[in-house]
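These notes are about the structure you will find just below.
Numbers for residues simply follow the sequence, beginning at 1.
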Amino acid sequence: MTITFSPPAASPADALHHEAAAKGNFEAAQSAVSALSSVLSGDADHDKILLRAAAGAGKSYALVRMVREAMEHASCTRVGVTAFANKQVFPLAGELGKELGASRVCLFVAEDRVPELPQNVLDHVSVATSTGTIPETCSVILGTSHKMGAWGQRKRFLDHLGPAANAELPFDVLFVDEAWQLPLHRYTTVEGLAPLSVGVGDVGQLPPIDPSQNPWRGDPGYNPYRAWPTAFEDDERTFTVDLPAVWRPTAAQLRLWRTFYGDWDRLDCVAGPGDRSIELPALTGAAAAIWASVATGDPTLLEVDGLPDPEAADIDPPLLGVVEELLVPLLEGGFTVVRRRYDGVGNPGDEVRTTSDAPSGDPLIVVLATRNQAVDDATAMVERLTEKYDLPDGVLLASTVDSWQGQTNAITVAIHPLSGADQLDEFNSAFGRLAVTCTRATHGLLMVARAGLNDLLGEAPARPGTPLGEPGNRSLPRQTHQRILATFSRATLKLDASNGDAG
């Protein structure tokens with residue numbers, strides 16, 4: 001067994017950190033707030049405002065701020081807030097309730113979902129399962145697009161609550177969280193609830209339905225399955241602004257994140273060099289070299305050569321076995337993740353240490369794969385290791401990439417979507433799927449693949465990057481894959497027939 005490393009591309013020399021980076025987000029959010037205020041005052045005729053963000057940019061914070069600013073305007077008496085899924089709406093309702101009070105914030109939710117509500121949300125909101133039970137004191141109403149956009153719901157809102165300040169519609173502003181996950185056909189059911197829509201979200205998220213399924217191929221400008229903001233970004237009545245900083249990643253990950261948002265004017269990182277670290281136990285062999293690389297904050301790609309053939313490109317127990325062998329010594333010895341806290345404007349403060357024997361907050365390690373069968377195998381591995389080492393909740397989880405979008409963890413261990421593939425296709429080259437995989441981690445990213453990615457990309461035929469005009473390169477061409485891989489610290493682990501141990 002031998003392991004060799006090659007270094008990543010150099011870190012960007014122009015990167016801003018701490019308050020200098022965070023200032024860009026404040027200024028971008030302020031421009032969106034000013035546009036909102038101008039519309040409410042009648043000084044602008046925008047009917048849509050789009051606040052585009054990268055993953056971990058603090059978009060929810062910006063949305064809460066915009067809701068608060070709207071409710072302080074004399075021409076706004078009631079707003080709606082929607083998203084595609086309850087897992088997006090619930091935490092946002094809690095944040096708005098803390099900010100504005102339970103008497104003003106109503107979570108409008110299906111009755112069978114009420115048992116799923118966390119206590120820290122219930123403590124801060126009013127809950128209504130039918131229109132008639134919405135308290136008249138509530139001026140902020142949240143619900144999924146399915147709940148808010150149900151047939152006849154606009155009339156029910158008007159009958160019970162009356163029109164908002166605009167005198168015609170139930171809300172003066174409709175805020176859409178995680179807007180790039182909401183398909184156009186779902187947005188059209190809620191668009192008529194307010195004269196102004198404000199969409200906030202990560203342009204790299206996966207839409208809930210495959211946007212390539214377009215029955216209107218004769219009209220490429222209209223696709224009900226694509227993320228709704230893409231139909232309006234170039235409209236003259238749409239105001240669009242980007243949040244230019246991210247709070248989530250390590251400073252060393254910034255060069256990777258920039259490859260996913262390459263058409264932006266700039267992207268900076270609030271975390272500075274040394275603000276995040278991983279303290280490792282005593283390790284030996286390949287595990288020592290690989291986890292030491294991950295602990296630097298550099299995105300690390302491990303390619304494994306000499307494995308038995310997989311069952312399929314995306315069902316690969318031998319490769320998952322290498323992941324398990326790498327995890328074993330880390331879990332046996334225990335580890336600590338350290339992060340620097342920041343105030344609201346990005347100034348660094350004290351350190352927070354989280355150990356693997358007493359985890360809190362975000363999960364420490366999440367194993368991500370793209371297909372359900374691969375995640376079933378990863379889940380079995382997680383359950384096996386959890387039982388063997390009596391791991392507390394929150395140390396080790398497994399998930400599909402699609403299910404984990406919107407979530408955050410300290411260390412990501414992911415199977416590269418191209419591992420074992422013989423060609424680039426719509427699924428394994430999806431922009432959102434690879435972007436989500438690479439942008440969950442706050443401390444360390446380890447991508448694992450079978451050897452041969454360079455050969456695959458060198459031989460793959462050229463393919464268009466934006467076939468339906470999706471944000472970013474929806475189906476990544478080989479050159480984009482190559483640019484992404486160039487940002488990784490790359491290791492090759494060569495196994496021989498007598499020694500398959502990676503520990």
Side-chain angles (χ1 to χ4, degrees), residues 16-37 49-73 79-83 85 87-101 104-105 107 118 120-121 124-125 140 142 173-181 198-205 229 239-249 257 261 264 267-272 275-276 339-349 352 361-362 405-409 439-440 442:
L16 300 177
H17 300 289
H18 297 154
E19 64 272 23
K23 180 181 178 182
N25 278 10
F26 180 84
E27 292 174 346
Q30 183 57 50
S31 68
V33 168
S34 296
L36 171 62
S37 180
I49 296 173
L50 299 177
L51 188 59
R52 308 195 318 163
K59 54 187 177 293
S60 294
Y61 176 85
L63 189 148
V64 170
R65 176 186 170 193
M66 294 179 75
V67 170
R68 184 182 66 243
E69 295 276 357
M71 294 310 304
E72 291 176 354
H73 197 284
V79 303
V81 183
T82 193
K87 68 179 181 180
Q88 298 157 350
V89 173
F90 288 176
L92 187 57
E95 290 301 313
L96 285 168
K98 293 174 187 175
E99 184 81 16
L100 301 173
R104 299 182 64 191
V105 176
L107 178 56
N120 65 346
V121 173
H124 298 286
V125 301
V140 179
L142 301 96
V173 186
L174 177 70
F175 292 91
V176 185
D177 191 28
E178 299 294 1
W180 277 261
Q181 287 187 52
V198 178
V200 180
D202 173 8
V203 301
Q205 294 282 282
F239 178 88
T240 303
V241 64
D242 298 335
L243 290 174
V246 287
W247 292 72
R248 181 180 301 160
W257 288 51
Y261 303 95
W264 290 25
L267 186 66
D268 294 306
C269 178
V270 174
D275 285 359
R276 311 266 175 78
R339 64 179 174 87
R340 182 78 62 184
R341 269 196 282 234
Y342 311 98
D343 64 15
V345 296
N347 292 306
V352 178
D362 293 332
Q405 62 182 341
Q407 309 298 307
T408 305
N409 52 271
T439 58
R440 302 303 94 198
T442 58

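- Of the possible polar contacts, one joining the Asp343 side chain to the Val345 backbone as a donor-acceptor pair under 3.5 Å is found.
- Distance alone, capped at 3.5 Å, is enough to place a donor-acceptor pair between the His17 side chain and the Cys269 backbone.
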I'd like to know whether Val203 forms a side-chain contact (heavy atoms from CB on, under 4.5 Å) with Trp264, so could you lay out the CA-CA distance, the side-chain angles of the two residues, the decisive distance to 0.1 Å, and finally the verdict.
CA-CA 11 Å; Val203 301; Trp264 290 25; 4.0 Å; yes
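- The cationic group of Arg65 lies under 6.0 Å from the six-membered ring centre of Phe26 and within 45° of the ring axis, placing it in a cation-pi geometry.
- Remark: side-chain polar atoms of Arg248 are paired, donor with acceptor, to backbone N or O of Thr439 under 3.5 angstrom.
- Nearest heavy-atom pair across Pro348 and Arg340 is CB-CG, 3.7 Å.
- Ala28 and Leu243 get closest at one heavy-atom pair: CB-CD2, 4.0 Å.
- With a 4.5 Å cut-off on side-chain heavy atoms, Glu99 and Val105 do not count as touching.
- Heavy-atom minimum distance, Val241 versus Ala32: CG1-CB, 4.0 Å.
- Residue Ile49 holds its CD1 atom at 5.0 Å from CG of Leu36, rounded to the nearest 0.5 Å.
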One pair to check against side-chain contact (heavy atoms from CB on, under 4.5 Å): Lys59 and Leu51. What are the steps and the verdict?
CA-CA 8 Å; Lys59 54 187 177 293; Leu51 188 59; 5.9 Å; no
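- Arg68 contributes no side-chain N or O that, together with a main-chain N or O of Leu100, makes up a donor-acceptor pair within less than 3.5 Å.
- Under the 4.5 Å side-chain criterion, counting only non-hydrogen atoms from C-beta, Asp202 is not in contact with Trp180.
- Looking at heavy atoms from C-beta onward, Val64 lies in side-chain contact with Leu92 at the 4.5 angstrom threshold.
- The shortest side-chain heavy-atom distance between Glu69 and Ser37 does not fall under the 4.5 Å cut-off.
- Pro91 has its side chain out of reach of Glu95: every pair of non-hydrogen atoms, C-beta onward, lies at least 4.5 Å apart.
- Here the straight-line distance linking atom CZ of Arg339 with atom CG of Asp275 works out to 11.5 Å at 0.5 Å rounding.
- The aromatic rings of Tyr342 and Trp247 stand perpendicular to each other, their planes meeting at an angle above 60°, with 30° marking the opposite boundary.
- Side-chain contact between Met71 and Val140: present, with at least one pair of heavy atoms (C-beta onward) separated by less than 4.5 Å.
- In this structure, the side chain of Asp268 engages the main chain of Leu16 through a donor-acceptor pair within 3.5 Å.
- Inter-residue side-chain proximity for Val198 and Phe239 is flagged as unmet; no heavy-atom pair is nearer than 4.5 Å.
- Minimum heavy-atom separation, Val125 to Gly97: CG1-CA, 4.4 Å.
- Using modelled atom types, one finds no donor on one side chain facing an acceptor on the other under 3.5 Å when comparing Gln405 with Glu178.
- Smallest separation of non-hydrogen atoms from Ala83 and Val89: CB-CG2, 3.9 Å.
- Not one N or O on the side chain of Arg104 forms a donor-acceptor pair closer than 3.5 Å with the backbone of Leu96.
- A pairwise comparison of heavy atoms in Leu267 and Ala245 identifies CD1-N, 4.2 Å as the closest pair.
- In this structure, Thr442 OG1 and Asn409 CG are separated by 7.0 Å, a value rounded to the nearest 0.5 Å.
- Counting only heavy atoms from C-beta outward, the side chains of Asn25 and Tyr61 never approach each other to under 4.5 Å.
- Judged by distance alone, the side chain of Arg276 and the main-chain N or O of Pro249 form a donor-acceptor pair under 3.5 Å.
- Enclosure of atom NZ in Lys98 by more than 12 non-hydrogen atoms of other residues, nucleotides or ligands within 6.0 angstrom is indicated.
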